[in-house]
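To keep things clear, I will list the structure first and then write my remarks on it.
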Amino acid sequence: MRLVTWNVNSLKARLPRLEDWIGSHAPDVLLLQETKCTDEAFPREEFSRLGYESAHHGDGRWNGVAIVSRLGLEDVRSGFRERAAETPDECRILSANCGGVKVFSVYVPNGRAVDSEFYAAKLAWLANLRRELDTTCDPSDAVAVGGDFNVAPEDRDVWDITQFAGLTHVTRPEREALRAVLDFGLEDVVRRLHPDEVGPFSWWDYRGGAFHKGEGMRIDLLLASAPLAARVTAAYVDREARKGQGGEQQPSDHAPVVVEVVP
DNA sequence: ATGGTAGCGCTGCTA
């Protein structure tokens, strides 16, 4: 199984590139974030023509998550089953069973600024994600949680930690909230297969030539339960998909994270 | 130089 998570930064803007990428990379299950479209505008038929079933949870301009699968798509759930009052429901989580794996597509709130209400809501959202896992899955089953976590797990997951003083994505509370999700019984499989590297980064700011300067962050993660992680043979970031192609086809500011799983 | 770029959608917000 080839399992991919990718923040596409607008499905409408990215669909031609995404369709090309699907044709050349043959994913089995795609976890998409920031679709920025309504359920009505979701291009279900386009994916169907490529041989994929799909599910979407979105309401318009912001956020939006999807699961696209050619290995089946069952037991789809939009949003949290149990949601605390302090956790906003903003079309940031979607789950389904695909080919024997329970998959989640998640888009963790950005948090904006450390002293903001949005930062507090981000921590609450991650705590709610842990609760969702506790109430809907078993870590002894095959579970994959993929998405844009908006947290860099370690200092080496950003290009220069000294540039992040006082900023979100690298604070101890965010990392502890991510740790609590991992402590459900999940493993960061890209880190597992790249134990001694900086990054590999999955996001680069559009501004200032950040991609070409190597100024990125590793914030898009694929977390797998132990039985699933044991079947992972490769896990990597497709940096090619972040490059410009000339013409009107712009890249997302995120690159896809690709994970290969054997039966 | 308190900037920069992309997307949505039409004004400024979000990232």
Side-chain angles (χ1 to χ4, degrees), chain A residues 5-21 31-43 46 56-66 87-93 105-126 129 146-153 157-160 162-171 174 177-178 199 201-221 237-257:
Chain A
T5 182
W6 195 357
N7 179 323
V8 294
N9 186 19
S10 170
L11 196 46
K12 181 182 177 194
R14 217 65 59 211
L15 191 59
R17 275 186 79 122
L18 178 57
E19 289 180 305
D20 288 348
W21 194 89
L31 310 175
L32 305 177
Q33 300 86 37
E34 279 205 88
T35 59
K36 294 186 174 178
C37 65
T38 61
D39 290 342
E40 291 71 28
F42 182 77
E46 284 79 354
H56 182 250
H57 180 41
D59 61 8
R61 295 179 68 178
W62 294 304
N63 312 326
V65 285
T87 307
D89 183 4
E90 297 175 321
C91 302
R92 295 179 179 276
I93 181 167
S105 180
V106 303
Y107 178 43
V108 178
N110 175 282
R112 304 194 197 179
V114 173
D115 59 356
S116 70
E117 63 186 289
F118 304 99
Y119 177 82
K122 177 182 193 175
L123 298 180
W125 199 95
L126 283 163
L129 175 57
D148 178 356
F149 283 78
N150 273 314
V151 178
D157 291 318
V158 301
W159 79 93
D160 180 359
T162 68
Q163 300 295 309
F164 285 79
L167 300 181
T168 60
H169 292 60
V170 299
T171 67
E174 288 168 285
L178 175 61
F201 301 148
S202 64
W203 173 88
W204 299 261
D205 200 305
Y206 282 124
R207 297 168 289 189
F211 179 71
H212 293 289
K213 291 191 281 190
E215 296 180 350
M217 305 175 72
R218 191 173 76 91
I219 55 175
D220 298 276
L221 308 177
V237 175
D238 178 21
R239 291 171 49 89
E240 290 299 312
R242 178 61 179 77
K243 296 180 179 175
Q245 298 179 327
E248 298 178 13
Q249 295 286 314
Q250 298 292 341
S252 171
D253 46 353
H254 297 253
V257 176

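Throughout, a chain's letter reflects where its sequence line sits, starting with A, and its residues are numbered from 1. Fair warning: this is a prediction, and the values are worked out from it, not measured in the lab.
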Checklist entry - Atom CG of A:Asp148 to atom P of B:dT14: distance rounded to whole Å? => result 17 Å

Item to check | Residues in side chain to side chain donor-acceptor pair (under 3.5 Å) contact with A:Asn150, at least two apart in sequence or another chain | outcome: A:His169

Output a table of nitrogen or oxygen pairs between the protein and nucleotides 1-8 of chain B separated by less than 3.5 Å.
| from | atom 1 | to | atom 2 | distance (Å) |
| --- | --- | --- | --- | --- |
| B:dG7 | OP1 | A:Arg14 | NH1 | 3.1 |
| B:dG7 | OP1 | A:Arg14 | NH2 | 3.3 |
| B:dG7 | O3' | A:Ser10 | OG | 3.2 |
| B:dC8 | OP1 | A:Ser10 | OG | 2.3 |
| B:dC8 | O2 | A:Arg61 | NH2 | 3.1 |

Checklist entry - What is the nucleic acid contact for A:Tyr107, judged by heavy atoms within less than 4.0 Å: base, sugar-phosphate only, or nothing? => result sugar-phosphate

Next on the checklist: So, using ring pair (Phe, Tyr, Trp, His ring centres under 6.0 Å) as the criterion, who are the partners of A:Tyr119 when residues are at least two apart?
Outcome noted: none

Item to check | Counterpart residues, ring pair (Phe, Tyr, Trp, His ring centres under 6.0 Å), relative to A:His57 (two or more places apart) | outcome: none

Item to check | Sequence neighbours excluded, every pair satisfying salt bridge (charged side-chain N to carboxylate O under 4.0 Å, His left out) that has a member inside residues 207-218 of chain A | outcome: A:Asp157-A:Arg218, A:Asp188-A:Arg218, A:Asp205-A:Arg207

Item to check | Non-neighbouring partners of A:Glu240 that pass salt bridge (Lys or Arg N to Asp or Glu O under 4.0 Å), sequence neighbours left out | outcome: A:Lys243

Checklist entry - Expressed in angstrom and rounded to an integer, what is the separation of A:Ile219 atom CD1 from B:dA15 atom P? => result 12 Å

Item to check | Within the 6.0 Å centroid threshold, strictly below: A:Trp159 and A:Phe164 | outcome: yes

Next on the checklist: Between B:dG3 and B:dG12, how many Å separate the two P atoms, rounded to a whole number?
Outcome noted: 16 Å

Item to check | Integer-rounded Å distance: B:dT14 P and A:Asp253 CG | outcome: 16 Å

Checklist entry - Separation of A:Lys122 atom NZ from B:dT14 atom P, in whole Å? => result 15 Å

